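The chain is numbered in sequence order, starting from 1. Model, not experiment: these values are computed from the prediction.
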Amino acid sequence: MKTISMTTNLSHSEFTQLASEQQIEKTVQALQAHGIRVVVFDTSEEARTYVLDLIPDGAGVYDAPSRTLELIGLAEQIEHANHFQSVRAQLSTLDYATQRHEMRKLVAAPDVLVGSIHAITEQGEVLIASAAGSQLGAAVFGASKVIWVVGTQKLVRTLEDGLRRIREYSLPLENERAQQVYGQASAINKLLIVNAEHEPDRITMVLVKQQLGF
């Protein structure tokens, strides 16, 4: 994994400070009222173990591009797991030029989507921004199960705060990472706001009381 130098000038302490217990409790209640299951852990190690145990044997698992999953070692463990199948490993065997349609189908409807998000409001709104949108279809409907791992610094008060967090904080960091890893800039081309989930237990939000990801 490449080392990323965070040279972007950021002064938004409001977007890096861990949420208070009161804010966590308020956000958890809102998410649960909107049909999203929530668990809270003190450490990323606890969260990683929980997520791996939550994935059914034999499932096809797509770990969406996520700095959070990389930092806690979950992306690597999913790729090399034995009791389920990594969609990303399957994708590596296909040719993008001739098998792009097959690749789209694998990403769009995995059994399980594991990833992260950019902000959660105290009203229970979940925000995800993406340049290509590869993880959005599965999050909205395609995946049978969705598991999001989120550091509590991503909890914000309002929807406008969440949008500001994406524009002013997440994008500059992701843009720098994309330049170094892919050689191209990132952008907020597609933005998903999840207000609620109608299917019980489809979405699990794993909150971690650590600063994780952008």
Side-chain angles (χ1 to χ4, degrees), residues 19 21-66 68-69 72-75 77-79 81-88 90 105-130 133-156 159 162 190-210 212-213:
E21 292 295 328
Q22 182 180 12
Q23 186 178 24
I24 292 173
E25 182 179 354
K26 185 174 183 178
T27 305
V28 167
Q29 290 177 353
L31 288 168
Q32 291 176 335
H34 293 173
I36 297 175
R37 183 170 176 267
V38 187
V39 292
V40 183
F41 292 104
D42 289 327
T43 69
S44 59
E45 290 78 11
E46 294 172 302
R48 183 178 63 240
T49 299
Y50 176 83
V51 171
L52 291 171
D53 288 343
L54 196 61
I55 297 172
D57 289 347
V61 182
Y62 177 54
D63 57 306
S66 166
T68 294
L69 299 191
I72 69 175
L74 193 50
Q77 289 196 264
I78 289 174
E79 185 176 353
N82 295 319
H83 71 280
F84 56 80
Q85 189 168 16
S86 166
V87 169
R88 192 173 293 280
Q90 289 180 270
K105 289 195 293 184
L106 283 172
V107 170
D111 296 319
V112 181
L113 171 70
V114 182
S116 190
I117 55 84
H118 293 103
I120 310 172
T121 74
E122 291 181 3
Q123 293 73 45
E125 299 151 317
V126 180
L127 287 74
I128 314 172
S130 178
S134 61
Q135 77 275 41
L136 301 185
V140 171
F141 184 76
S144 297
K145 295 288 184 183
V146 176
I147 306 170
W148 284 319
V149 183
V150 184
T152 60
Q153 87 278 10
K154 295 183 180 181
L155 273 56
V156 298
L159 182 60
K190 298 169 186 180
L191 179 66
L192 172 65
I193 301 174
V194 178
N195 292 314
E197 172 56 49
H198 80 286
E199 186 177 340
D201 294 327
R202 178 176 176 267
I203 298 179
T204 298
M205 186 74 71
V206 181
L207 296 180
V208 186
K209 297 177 183 179
Q210 292 181 341
L212 299 174

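The CD atom of Glu122 sits 12.5 Å away from atom CG of Leu159, with the distance rounded to the nearest 0.5 Å. To the nearest 0.5 Å, atoms CD1 (Ile24) and CG (Leu207) are separated by 7.0 Å. In this structure, the separation between OG1 on Thr152 and CG on Leu212 is 8.5 Å, given to the nearest 0.5 Å. How far CG of Leu31 is from CG of Leu155: 8.0 Å, rounded to the nearest 0.5 Å. Between the CD atom of Glu125 and the CD1 atom of Ile120 there is a distance of 11.0 Å, given to the nearest 0.5 Å.
Here salt bridge (Lys or Arg N to Asp or Glu O under 4.0 Å) pairs that include residues 135-156, with residues two or more places apart or in two chains, number zero.
Between Gln32 and Arg37, the side chains place no donor N or O within less than 3.5 Å of an acceptor N or O (distance only, hydrogens not considered).
For the pair Glu197 and His34, the minimum side-chain heavy-atom distance is 4.5 Å or more. Gln85 has its side chain within reach of Gln90: a pair of non-hydrogen atoms, C-beta onward, lies under 4.5 Å apart. By the 4.5 Å heavy-atom criterion applied to side chains, Leu192 and Leu127 are not counted as neighbours. Inter-residue side-chain proximity for Val150 and Ser116 is flagged as met; some heavy-atom pair is nearer than 4.5 Å.
Checking side-chain atoms of Arg202 against main-chain N and O of Ala143 turns up a donor-acceptor pair under 3.5 Å. Between the side chain of Glu46 and the backbone N or O of Thr43 there is at least one donor-acceptor pair closer than 3.5 Å. Between the side chain of Asp111 and the backbone N or O of Ala59 there is no donor-acceptor pair closer than 3.5 Å.
Here the options are Val114, Val140, Ile128, the test is side chain to side chain contact (heavy atoms under 4.5 Å, CB included), and the partner is Gln135; only Ile128 passes.
Taking the ring pair (Phe, Tyr, Trp, His ring centres under 6.0 Å) definition, one finds that Phe84 meets it with nothing, sequence neighbours left out.
Within 6.0 Å of NE2 in His83 there are more than 12 heavy atoms belonging to other residues, nucleotides or ligands.
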